[in-house]
Amino acid sequence: MTKVSFKNYNFILMICIVVLSAIGVLAINSATGGDDGLVNKQIYGALLGLAMMVIISFIDYHTMLKFSIIIYLGCCVLLVMVLVVGLIRGGARRWITLPVLGQFQPSEFVKIGLVLFFADFFGKNKDRLDNLNIILAGIGLALIPIILIILEPDTSTTIILMVQVACMFFVAGLSYKFIVIVLAVLIPLGVGFILLVKNGMLDFLGDYRIGRILAFFNKTGYVDENMQQNNSVMAIASGKLYGKGLNNTGLESVKNGNFLAEEQTDFIFAIIGEELGFIGSVVVILLFALVVFQCLRMARKAADLQGKVICTGIGMLIALQSFTNIAVATGLFPNTGLPLPFISSGVSSLLSMYLGMGIVLSVGLHPDVTRSRRFL
């Protein structure tokens, strides 16, 4: 059993998360016009998540890694269940209902499950990461859940997972030579993909995906597709320096004019920008930056490769998802459906993020097992 030292407990990280969750509850309350059902659900989710995070932080992450294969298989089974018996909303099948647990979105928890699995995978193969068979095995294992998520379909989560796994490969010590080769292939493919979409040669992707991509490159030609993002940018700009105040009911409010859809989830940052202004928006961005910094700082101090991969994987998940959500709200990225971590309405996303933070805190709280045994 490893010795726990509270001086290693990252209270700064915990405080940042709690503050972000509190901002989320306030923003959701304003975005929904005080919908008690959604607001209370978010509060209960945050309290449950906080308790879960604290409990998990005291469990040695090495113990969790022993179940990595079971976790991976569980993730795949849940994703298959989504495709078979999942609930359909907006043309996508992403949710399932289980006894006691109720309705939830498995792909949110898969983001965390894959971090644990690959932390164990890289730890067991740390001396063979330049072996092509190991690299291909890792890519193949990542592709199974990724393909299942593509089939839902959930393109934005798919992209996040791909970048997240790539970051973990890099931290694990993958050869720079291989990384350069991959980039040399992916960059031309990405450019070719965009050109094919613009020329109408990838119709099988679906009208809504193609429309979002084309709308991003042709703002004037796709006015309807850009309406949400244009309104979001207008809302953020209208907040100016100090904002209009939470729960603003003025006629000049973009939110109250029903110009935004899904403002409690996908465009929650527009609510923050309009009602808390530039200062409030910067505070939220700085809080996310501090969360990511603390994760990377703990990765640097981690006692073993598994700990480094865990902290980096979850830190990059927070960074990618928060940046993407804010970039969409400000018109820098094409429209996607990613929630803003800890802030957007949705218990699945909220609990998965708290789960991830609990594992990160565990890395800082528990030393390497082999090291601790030397002093027993």
Side-chain angles (χ1 to χ4, degrees), residues 45 48-49 52-53 56 61 64-89 92-98 101-122 137-169 171-172 265 295 306 309-322 324-325 336-342 344 346-360 362:
L48 176 60
M52 184 173 66
M53 179 180 71
I56 290 173
Y61 68 98
M64 302 180 210
L65 292 175
K66 294 177 181 178
F67 300 94
S68 65
I69 296 177
I70 296 175
I71 292 170
Y72 176 82
L73 293 175
C75 289
C76 293
V77 168
L78 287 173
L79 291 175
V80 171
M81 287 179 63
V82 170
L83 298 177
V84 176
V85 297
L87 305 174
I88 299 177
R89 291 182 184 173
R93 194 187 294 269
R94 302 174 186 173
W95 298 265
I96 58 174
T97 302
L98 293 179
L101 294 177
Q103 186 175 305
F104 74 105
Q105 189 173 349
S107 60
E108 293 295 332
F109 295 93
V110 171
K111 297 172 185 176
I112 308 301
L114 286 186
V115 171
L116 280 173
F117 174 75
F118 278 105
D120 185 53
F121 177 82
F122 291 137
I139 293 173
L141 289 166
L143 282 177
I144 294 173
I146 286 173
I147 291 172
L148 290 172
I149 292 173
I150 290 175
L151 295 174
E152 293 183 359
D154 191 347
T155 308
S156 53
T157 297
T158 299
I159 295 171
I160 291 294
L161 276 177
M162 290 172 67
V163 178
Q164 183 186 12
V165 171
C167 290
M168 289 190 288
F169 262 101
V171 171
T265 52
C295 288
Q306 291 94 322
V309 172
I310 287 172
C311 292
T312 302
I314 294 175
M316 290 311 299
L317 172 62
I318 300 294
L320 291 165
Q321 197 156 311
S322 58
T324 301
N325 179 280
T336 65
L338 283 173
L340 189 59
F342 304 108
S344 289
V347 176
S348 292
S349 173
L350 189 62
L351 291 181
S352 69
M353 291 299 167
Y354 269 107
L355 173 63
M357 288 297 103
I359 301 170
V360 169
S362 174

Name all residues meeting the side-chain contact (heavy atoms from CB on, under 4.5 Å) criterion together with [X]; count only those two or more places apart in sequence or in a different chain, and write none if there are none.
X   : result
V77 : M81
L73 : I69
I70 : F67

So do the side chains of [X] and [Y] get within less than 4.5 Å of each other, counting heavy atoms only?
X    : Y    : answer
L161 : P145 : no
I146 : I150 : yes
D120 : M64  : no
L114 : Q164 : no
I96  : P106 : yes

Hey, what do you get for [atom1] ([X]) to [atom2] ([Y]), rounding to the nearest 0.5 Å?
X    : Y    : atom1 : atom2 : result
C75  : I149 : SG    : CD1   : 9.0 Å
T336 : N325 : OG1   : CG    : 7.0 Å
R89  : Q105 : CZ    : CD    : 9.0 Å
S322 : L338 : OG    : CG    : 10.5 Å
F117 : L65  : CZ    : CG    : 11.5 Å

Does R94 reach the main-chain N or O of P153 with its side chain, forming a donor-acceptor pair under 3.5 Å?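 Yes: the side chain of R94 pairs with the backbone of P153.
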Quick check: does any side chain N or O of Y72 sit under 3.5 Å from a backbone N or O of L141, one acting as donor and the other as acceptor?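 Flag set: sc Y72 to bb L141 pair under 3.5 Å.
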Please table the atom pairs, donor to acceptor, closer than 3.5 Å between any side-chain atom in residues 313-321 and protein atoms at least two apart or in another chain.
residue	atom	partner	partner atom	Å
Q321	OE1	K111	NZ	2.7
Q321	NE2	P339	O	3.3

Step-by-step side chain to side chain contact (heavy atoms under 4.5 Å, CB included) determination, E152 to L79: CA-CA 9 Å; E152 293 183 359; L79 291 175; 3.6 Å; yes
How would you list all residue pairs meeting salt bridge (charged side-chain N to carboxylate O under 4.0 Å, His left out) that involve residues 70-81, not counting sequence neighbours?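 For residues 70-81: none.
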Side chain to side chain donor-acceptor pair (under 3.5 Å) partners for [X], two or more places apart:
X    : answer
T265 : E262
T157 : D154
T158 : none

Residues two or more places apart in sequence or in another chain: which of them pass ring pair (Phe, Tyr, Trp, His ring centres under 6.0 Å) with F122?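 F122 satisfies ring pair (Phe, Tyr, Trp, His ring centres under 6.0 Å) with F118, F169 once adjacent residues are dropped.
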Show every donor-acceptor pair shorter than 3.5 Å between a side-chain atom in residues 351-358 and any protein atom, with sequence neighbours excluded, or say none if there are none.
residue	atom	partner	partner atom	Å
S352	OG	S348	O	3.2
S352	OG	S349	O	2.8
Y354	OH	S21	OG	2.6

Quick check: closest heavy atoms across C76 and L148, and the distance to 0.1 Å?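 Heavy-atom minimum between the residues: O-CD1, 3.8 Å.
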